[in-house]
Structure formats: structure tokens, C-alpha cells
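For the numbers below, each heavy atom of this structure counts, side chains included, while hydrogens, waters and symmetry mates do not. All residue numbers in this chain count up from 1 along the given sequence. Remember, predicted model here, so these are calculated numbers, not experimental data.
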Amino acid sequence: MGRLDDRVAVITGAGRGIGRATAVRFAQEGAAVAVNDVDQDPAEETARMVKEAGGEAFVSVDNTVEQEEANRLMAAAAERFGKIDVVVNNAGITRDRMFHTLDEDTWDLVLSVNLQTAYHTTRAAVPYLRDAAKKEMAEGGRPAYHRKITFTTSSAALTGNSGQANYTAAKGAIIGLTRTLARELGPFHINVNAVAPGFIETRLTRAKREGEDVGIPEQIRQMALMLIALGYYGQPEDVAGVHLFLASPDSDYVSGAVIPVTGGQLGA
């Protein structure tokens, strides 16, 4: 028996990193997974890994920066699997700049990919979650089980981080969205929580190469390591395990929470 047997999960940003690890972990626990990513090849690879882990999967390359495409994602997932139980809002990017050099296009890009995707994806998903719960309440007095929405925010949103005004603004807004939706959707037994990773080894935190927008200078990486009490960088699987907890019945009385996954990072 898996903790997500008979559950259907939609995961954005699932082509790599935390999203991929979460998709595979969910499949290992019995979930069917809608793998969403704007990059087709990585998404297909994740879907293959989901199937190898024993789960059902299909791939969506809908860009949930657009509401219409988020709607299409949810409609396709519901048509394929018959329902939606869990939504993991994980899509995100960084484009680091010191604030005095942060142009409006870079600001808008990071807010769109981190915040607008979360808004559009959740807005598209809520009718499927809420309407199913309302039907069960009308028939039996209460929802049959808890449905789950989780967000990937960041510990940087809790502390601030030089060079990431755009990223921390977006991720901080997600924390506020998490807590408000937990209140609004609680009566329907829809739990809403967030995971706040610290320094996790992904393509966004790899050593930055000259001319690249993605990555972190090696000296900053080493400084970050000195602040981690456990003494090593986190892995995507470390975050996936917390998303699994929040998606599973183990967390049915947890809502409105923001859980840091930082290895005891000082100041987080």
C-alpha cells in the first residue's frame, strides 16, 4: 500500500530537479502524475521515470504563465485520470541581479514564471478540487478525503537574499497565497501548504559559468555551505519527501504551513 494510492497529482516544473524528484516519489507511493514542463524532452524523461517507478503518467507542455494553458493542463489531467487530488506548484526560475541593475523585463520574467504560474495553475485546479468536495459534502455531510495543494517557495523569501529581489518578491507572495488559500479552502478539506527549500543542488544552484544567467558563483556556493548545519547541500529528493508528506494523509491536519528544508541553514 502506498501513501498516494488512487491519487492523481499534477506537478508543474516537473522536467528537472525538485519537480522531477517529486513526480518519481509520488509514483513510488501509488500516484498517477500529470508531468507539466515547458521543455518537452525533460518532461518526457520524467514521465518515463514515473512509469518505471510504477505510476501512470502523461506529459503536458502547457505554459501556465497563461491562464488558458493552465486551464488546458487541468482539463487534460481530469480527462486522462478522471479527477485531480493533488497539485504541486513547483515551476520557477532565477535571474539574479542587484536591485540597481534589475531591469523591468527581468523583474517581470521572474515574477511571471514563479508567481503567475502558481496563480494560474491553482486557479485552474480549484474547481476540480472544490466541486468534488462539495458534491461529497452534499451526499455524505463531509468530503470523502483531503485534497492537497502545495507550493515550492524558498527560504530566501523568509530571509531576503542579495541579488534576488525579483525571486524573493515572487516567492514571498507565494507564502501569503498559501496562507490565504488555506483559510478559504479549509472548509472543503483542501489543505494548502508550502515547502521552502534552502540550498538544493539543481541547475539553478550549480556553479555559474561565464555568460550564463543560471547558476551561482562558486565562491557564493562555498559561503552557503558554511552556513548549513548538516554540512552538505540538499538534494531534490530531500524536498520531494516533504512534498510527499504534505500530499499524503499523514498531513491531513496540516494546512497553512511553510516548511523549511534547509539542513539547519543559519538564518533561514
Query raised in the report: Shortest non-hydrogen contact from A196 to L158?
Result: CB-CD1, 4.3 Å
Query raised in the report: Taking atom types as modelled, is there a side-chain donor on D96 or Q164 under 3.5 Å from an acceptor on the other?
Result: yes
Requested in this report: Specify whether F58 and F81 have parallel, tilted or perpendicular ring planes, treating 30° as the upper limit for parallel and 60° as the lower limit for perpendicular.
Outcome: tilted
**Report entry** Smallest separation among heavy atoms of P236 and I200, with atom names
**Finding:** N-CG2, 3.5 Å
Query raised in the report: Where do H120 and E66 land on the side-chain contact (heavy atoms from CB on, under 4.5 Å) test, with the steps shown first?
Result: CA-CA 7 Å; H120 289 149; E66 303 297 332; 5.6 Å; no
Query raised in the report: How many angstroms lie between atom CG of D238 and atom OH of Y233, to the nearest 0.5 angstrom?
Result: 14.5 Å
Query raised in the report: Does a sphere of radius 6.0 Å around NZ in K83 hold more than 12 heavy atoms from other residues, nucleotides or ligands, not counting ones at 6.0 Å or beyond?
Result: yes
Query raised in the report: Do V86 and L246 have side-chain heavy atoms sitting under 4.5 Å apart?
Result: no
Report summary line: Those residues at least two apart in sequence (or on a different chain) that pass salt bridge (charged side-chain N to carboxylate O under 4.0 Å, His left out) with D131 are none
Requested in this report: Answer yes or no: is there a donor N or O on one side and an acceptor on the other, between the side chain of N161 and the main chain of A156, under 3.5 Å?
Outcome: no
Query raised in the report: Are the side chain of N90 and the backbone of T152 linked by a donor-acceptor contact shorter than 3.5 Å?
Result: no
Query raised in the report: Does Y128 sit in a hydrophobic cluster with other residues, and if so which ones, taking ILVMFWY side chains as linked at heavy-atom separations under 4.5 Å, directly or through other members?
Result: V10, L73, M74, I84, V87, L115, V126, L129, M137, I149, F151, I174, L177, L181, L185, F188, I190, V192
Query raised in the report: Quick check: does any side chain N or O of D5 sit under 3.5 Å from a backbone N or O of M1, one acting as donor and the other as acceptor?
Result: no
Report summary line: Between the CD atom in E79 and the CZ atom in R72, the distance rounded to the nearest 0.5 Å is 13.0 Å
Requested in this report: Say whether, by atom type as modelled, one donor and one acceptor occur between the side chain of N89 and the main chain of T121 under 3.5 angstrom.
Outcome: no
Requested in this report: Could you tell me whether the side chain of D108 reaches within less than 4.5 Å of the side chain of E104, counting heavy atoms only?
Outcome: yes
Requested in this report: May I ask you to decide if Q235's main-chain N or O and E201's side chain share a donor-acceptor pair within less than 3.5 Å?
Outcome: no
Requested in this report: For the pair E136 and R147, find out whether any cationic side-chain nitrogen is under 4.0 Å from an anionic carboxylate oxygen.
Outcome: yes
Query raised in the report: Quick check: are there more than 12 heavy atoms from other residues, nucleotides or ligands sitting under 6.0 Å from CZ of R142?
Result: no
**Report entry** Set of ring-ring contact (aromatic ring centres under 6.0 Å, His included) partners for Y119, sequence neighbours left out
**Finding:** none
Query - Rounded distance [0.5 Å steps], CD in Q265 versus OG1 in T159 - result: 7.0 Å
**Report entry** Backbone N/O of V113 and side chain of T117: donor-acceptor pair under 3.5 Å
**Finding:** yes
Query raised in the report: Should K51 and V33 count as side-chain neighbours, where that means a heavy-atom distance under 4.5 Å?
Result: no
Report summary line: Value for CG (N71) from OG1 (T64), rounded to nearest 0.5 Å, stands at 10.5 Å
Query raised in the report: Hey, are the side chains of E69 and N63 touching, using non-hydrogen atoms and a 4.5 Å cut-off?
Result: yes
Query - Shortest non-hydrogen contact from G263 toward I228 - result: O-CG2, 3.5 Å
**Report entry** salt bridge (charged side-chain N to carboxylate O under 4.0 Å, His left out) evaluation trace for E44 with R48
**Finding:** CA-CA 6 Å; E44 294 284 359; R48 183 188 64 77; over 6 Å; no
Query - Flag side-chain contact, heavy atom, 4.5 Å: T22 against R25 - result: no
Query raised in the report: Does the side chain of L109 reach to within under 4.5 Å of the side chain of S112, using non-hydrogen atoms?
Result: no
Query - Residues S248, L4; criterion side-chain contact (heavy atoms from CB on, under 4.5 Å); working and verdict - result: CA-CA 6 Å; S248 78; L4 297 182; 4.3 Å; yes
**Report entry** Point-to-point distance, once rounded to the nearest 0.5 Å, from CG of L230 to OG1 of T262
**Finding:** 8.0 Å
Requested in this report: Could you please spell out the steps behind the side-chain contact (heavy atoms from CB on, under 4.5 Å) verdict for V254 and N193?
Outcome: CA-CA 8 Å; V254 178; N193 295 288; 3.6 Å; yes
Query raised in the report: Under 3.5 Å, is there a donor-acceptor pair between the side chain of N36 and the main chain of D62?
Result: yes
Report task. Keeping the roles fixed (side chain from H189, backbone from P143), state whether a donor-acceptor pair exists under 3.5 Å. Result -> no
Requested in this report: Taking atom types as modelled, find out whether D37 and T12 have a side-chain donor-acceptor pair closer than 3.5 angstrom.
Outcome: no
Query - Nearest-0.5 Å distance that lies between atom CZ in F199 and atom OH in Y232 - result: 14.5 Å
Report task. Indicate whether the side chain of T150 and that of H243 have a donor and an acceptor atom separated by less than 3.5 Å. Result -> yes
Requested in this report: May I ask you to check whether over 12 heavy atoms, not counting those of E56, lie within 6.0 Å of atom CD?
Outcome: no
Requested in this report: Determine, using the 4.5 Å side-chain heavy-atom cutoff (strictly less than), whether V24 and V242 are members of one ILVMFWY cluster.
Outcome: no
Query raised in the report: Within 45° of the six-membered ring axis of Y167 and under 6.0 Å from that ring's centre, is NZ or CZ of R97 located there?
Result: no
Query raised in the report: When clusters are formed by joining ILVMFWY residues with side-chain heavy atoms under 4.5 Å apart, either directly or through shared neighbours, do V110 and F99 land in the same one?
Result: no
Requested in this report: Would you check if the side chain of N166 reaches a backbone N or O of R95 as a donor-acceptor pair within less than 3.5 Å?
Outcome: yes
Query - For N114 against G92, the heavy-atom pair lying closest together - result: OD1-CA, 3.1 Å
Query - For R3 against P249, the heavy-atom pair lying closest together - result: O-CD, 3.3 Å
Query raised in the report: Do M49 and R20 have side chains that get closer than 4.5 Å, going by heavy atoms?
Result: yes
Query raised in the report: Do V8 and D85 come close enough that some side-chain heavy atom pair is under 4.5 Å?
Result: yes
Report summary line: Tightest non-hydrogen contact, residues T46 and G15, listed as OG1-O, 3.4 Å
Requested in this report: Verify the distance criterion only: is there a donor paired with an acceptor across the side chains of S251 and K148 at less than 3.5 Å?
Outcome: yes
Query raised in the report: CD of E68: more than 12 outside heavy atoms within 6.0 angstrom?
Result: no
Report task. Examine V35 and L244 and state if one hydrophobic cluster contains both, with Ile, Leu, Val, Met, Phe, Trp and Tyr joined whenever side-chain heavy atoms are less than 4.5 Å apart. Result -> yes
Query raised in the report: Are the side chain of S155 and the backbone N or O of P197 linked by a donor-acceptor pair below 3.5 Å?
Result: yes
